[in-house]
2 protein chains.
Amino acid sequence: MRPALAATTTQARPAVAMMQGAAPRSTGEPQGVSLRLAKDEELFAEGEPAEYFYRVVSGTVRTCKLLSDGRRQIDAFHLPGDIFGIEACAEHRFSAEAVADATVMAYRRSSLDRLTREHPAFGEQLLSSMLRNLQRAQDHMLLLGRKNAKEKIASFLLDLAQRLHERDHVELPMQRNDIADHLGLTIETVSRTLTEFARSGLIALAAGSRSISLVDKVALKFLNA
Amino acid sequence: MRPALAATTTQARPAVAMMQGAAPRSTGEPQGVSLRLAKDEELFAEGEPAEYFYRVVSGTVRTCKLLSDGRRQIDAFHLPGDIFGIEACAEHRFSAEAVADATVMAYRRSSLDRLTREHPAFGEQLLSSMLRNLQRAQDHMLLLGRKNAKEKIASFLLDLAQRLHERDHVELPMQRNDIADHLGLTIETVSRTLTEFARSGLIALAAGSRSISLVDKVALKFLNA
DNA sequence: CGGCTGCTTGAGTGTCTTCAACCATTGTGG
DNA sequence: CCACAATGGTTGAAGACACTCAAGCAGCCG
């Protein structure tokens with residue numbers, strides 16, 4: 001793993017340009033710049049020029065949109081390996097923040113062509129990642145538009161477990177607030193639904209309520225519809 | 001416009017392979033196969049091999065997902081010029097049907113590389129169309145997750161007017177049912193909200209309730225948040 | 001005409017939200 | 001070291017928004 005500089009202060013914008021990554025290896029990985037993000041630190045904001053795109057190295061990043069009155073929708077949580085922040089136009093269409101301390105690699109958008117030419121594997125990874133993002137968005141629209149609270153939570157837990165390569169246990173990287181804004185619910189409904197799941201034996205809640213055991217995956221999958 | 005064969009029967013799957021388009025012109029447009037779709041005719045189904053992707057020539061196409069109990073979410077309505085049906089994997093992740101009689105061009109997915117090489121303009125169109133689809137999906141997630149019925153309808157009308165290049169009038173290509181399944185509402189709520197908009201002078205409903213005048217665009221945009 | 005489809009309208013219900021209080025944990029400063 | 005505030009989470013009661021169920025209306029076509 002390459003050395004990474006800690007961002008100067010929490011909530012400050014990390015200065016990408018100032019932190020050069022290690023020299024590019026001639027094989028495999030293309031050059032990128034490593035960035036460390038503190039919890040809730042903003043990587044980029046909606047409307048900002050989309051100079052870079054990113055890949056998560058460790059931790060979790062959320063991308064979200066805001067309504068004028070503060071209502072928030074979290075488009076996606078990005079886990080290690082995920083690529084995000086590529087845009088059709090010159091500006092970012094959503095903002096990105098670290099859910100908890102995280103490390104990301106930044107790549108210049110302008111060097112996209114060169115990157116994919118010199119590192120075809122990276123290019124494929126990038127394209128498939130983009131299409132996967134689109135697929136996730138489409139699946140998520142079904143969830144947001146047509147599922148009820150129980151189904152939303154069940155889908156969310158199963159999906160997260162799978163993406164974290166876990167069989168029957170999830171260590172939530174994000175808090176209730178983020179889950180609510182991702183699923184189109186309120187924090188109270190998220191909490192209530194989880195405790196109801198626990199009461200009826202579908203899951204088991206543990207220490208600090210961030211650790212969840214998927215006790216009855218069959219029942220959860222049934223809710224997943 | 002190229003000659004197009006009518007599909008044999010309504011509801012029957014159009015036989016793409018049998019209908020060759022006109023010979024490719026040496027300039028501009030790449031070769032494709034023209035297809036005519038009757039109202040509600042299915043172009044492809046969820047889970048089906050993604051052998052082709054498509055561009056709308058005339059009419060409107062909807063792409064949608066279904067839940068096991070029949071609940072439906074319409075991902076998007078595709079208007080003339082829009083490209084849809086490109087997938088990350090070998091299978092379609094949603095189904096596509098004609099909202100009303102429509103014409104589409106079908107392109108072999110396998111010839112994608114050649115197409116973009118020989119017709120760079122088409123390639124750019126394709127990439128930008130894909131990214132636009134992603135953007136629309138992200139905007140739509142905000143709508144589905146965080147907007148109420150009035151805001152959903154207002155956003156929908158304004159968006160549709162813009163995409164149809166109209167200033168203050170929309171000729172709805174789809175029926176209430178489709179609107180409901182697109183916005184995560186029921187048909188009754190769509191109807192009620194439209195009549196309420198009409199009563200309060202935001203819009204004017206006309207003949208057959210498919211024709212809508214956007215009377216007070218300022219108020220509608222305000223609801224758009 | 002009668003049946004069909006698409007749309008509207010009404011009444012009653014339910015799910016989720018809102019508002020509010022409370023609890024647990026953590027970190028800080030006197 | 002403890003009091004205190006701050007943060008994140010849970011729980012309860014009341015209310016609202018959208019849904020469900022049901023009926024009715026308008027246009028269309030055989």
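Only a predicted model underlies this, so the values are computations on that prediction, with no experimental measurement involved. Chain naming here is simple, since letters A, B, ... match the order of the sequence lines and numbering starts at 1 in each.
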Visitor: Does the distance from a Lys or Arg side-chain N to an Asp or Glu carboxylate O, for B:Lys65 and A:Asp139, drop under 4.0 Å?
Guide: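 Here B:Lys65 pairs with A:Asp139 in a salt bridge, since their nearest N and O are under 4.0 Å apart.
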
Visitor: Along DNA chain C, 5' to 3', what are the outermost nucleotides having an atom less than 4.0 Å from a heavy atom of chain B?
Guide: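 First and last nucleotides in contact are C:dG6 to C:dA11.
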
Visitor: Name the nucleic acid region contacted by A:Thr195, choosing base, sugar-phosphate or nothing; use a 4.0 angstrom heavy-atom cut-off, strictly under.
Guide: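 A:Thr195: backbone/sugar contact only, no base atoms under 4.0 Å.
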
Visitor: Would you compute the distance between atom CZ of A:Phe77 and atom OG1 of A:Thr63 and round it to the nearest 0.5 angstrom?
Guide: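 A:Phe77 CZ to A:Thr63 OG1: 9.0 Å, rounded to 0.5 Å.
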
Visitor: Tell me every residue that passes side-chain hydrogen bond (donor to acceptor under 3.5 Å, both in side chains) with B:Glu46, counting only those two or more places apart in sequence or in another chain.
Guide: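 Result, side-chain hydrogen bond (donor to acceptor under 3.5 Å, both in side chains) vs B:Glu46: none returned.
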
Visitor: Which pairs, with at least one residue in residues 156-168 of chain A and sequence neighbours excluded, count as a side-chain hydrogen bond (donor to acceptor under 3.5 Å, both in side chains)?
Guide: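 Sorted result for residues 156-168 of chain A: A:Asp82-A:Arg163.
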
Visitor: Counting only heavy atoms and a strict 4.0 angstrom limit, can you tell me which residues of residues 172-183 of chain B come near DNA chain C?
Guide: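 Residues of residues 172-183 of chain B under 4.0 Å from DNA chain C: B:Gln175, B:Arg176.
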
Visitor: Is any NZ, NE, NH1 or NH2 atom of the basic residue among B:Arg146 and B:Glu151 found under 4.0 Å from an Asp or Glu carboxylate oxygen of the other?
Guide: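 B:Glu151 and B:Arg146: not salt-bridged.
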
Visitor: Does a sphere of radius 6.0 Å around NZ in B:Lys150 hold more than 12 heavy atoms from other residues, nucleotides or ligands, not counting ones at 6.0 Å or beyond?
Guide: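 No, not enclosed.
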
Visitor: Among all residues two or more places apart in sequence or in another chain, which pass the side-chain hydrogen bond (donor to acceptor under 3.5 Å, both in side chains) test with A:Glu91?
Guide: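 side-chain hydrogen bond (donor to acceptor under 3.5 Å, both in side chains) list for A:Glu91, sorted by chain: empty.
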
Visitor: State, to 0.1 Å, how close B:Val215 and B:Ala204 come at their nearest heavy-atom pair, and which atoms those are.
Guide: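 In terms of heavy atoms, the two residues are closest at CG2-N, 3.7 Å.
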
Visitor: For nucleotides 16-30 of chain D, just jot down a letter per nucleotide in 5' to 3' order: B, S or -, based on protein non-hydrogen atoms under 4.0 Å.
Guide: --SSBB---------

Visitor: Salt bridge or not between A:Glu51 and A:Arg108? Use side-chain N to carboxylate O under 4.0 Å.
Guide: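 Between A:Arg108 and A:Glu51 there is a salt bridge, with a charged N closer than 4.0 Å to a carboxylate O.
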
Visitor: Among A:Ile74, A:Asp40, A:Asp178, which residue meets the side-chain contact (heavy atoms from CB on, under 4.5 Å) test with A:Val99?
Guide: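 The single option meeting the side-chain contact (heavy atoms from CB on, under 4.5 Å) with A:Val99 is A:Asp178.
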
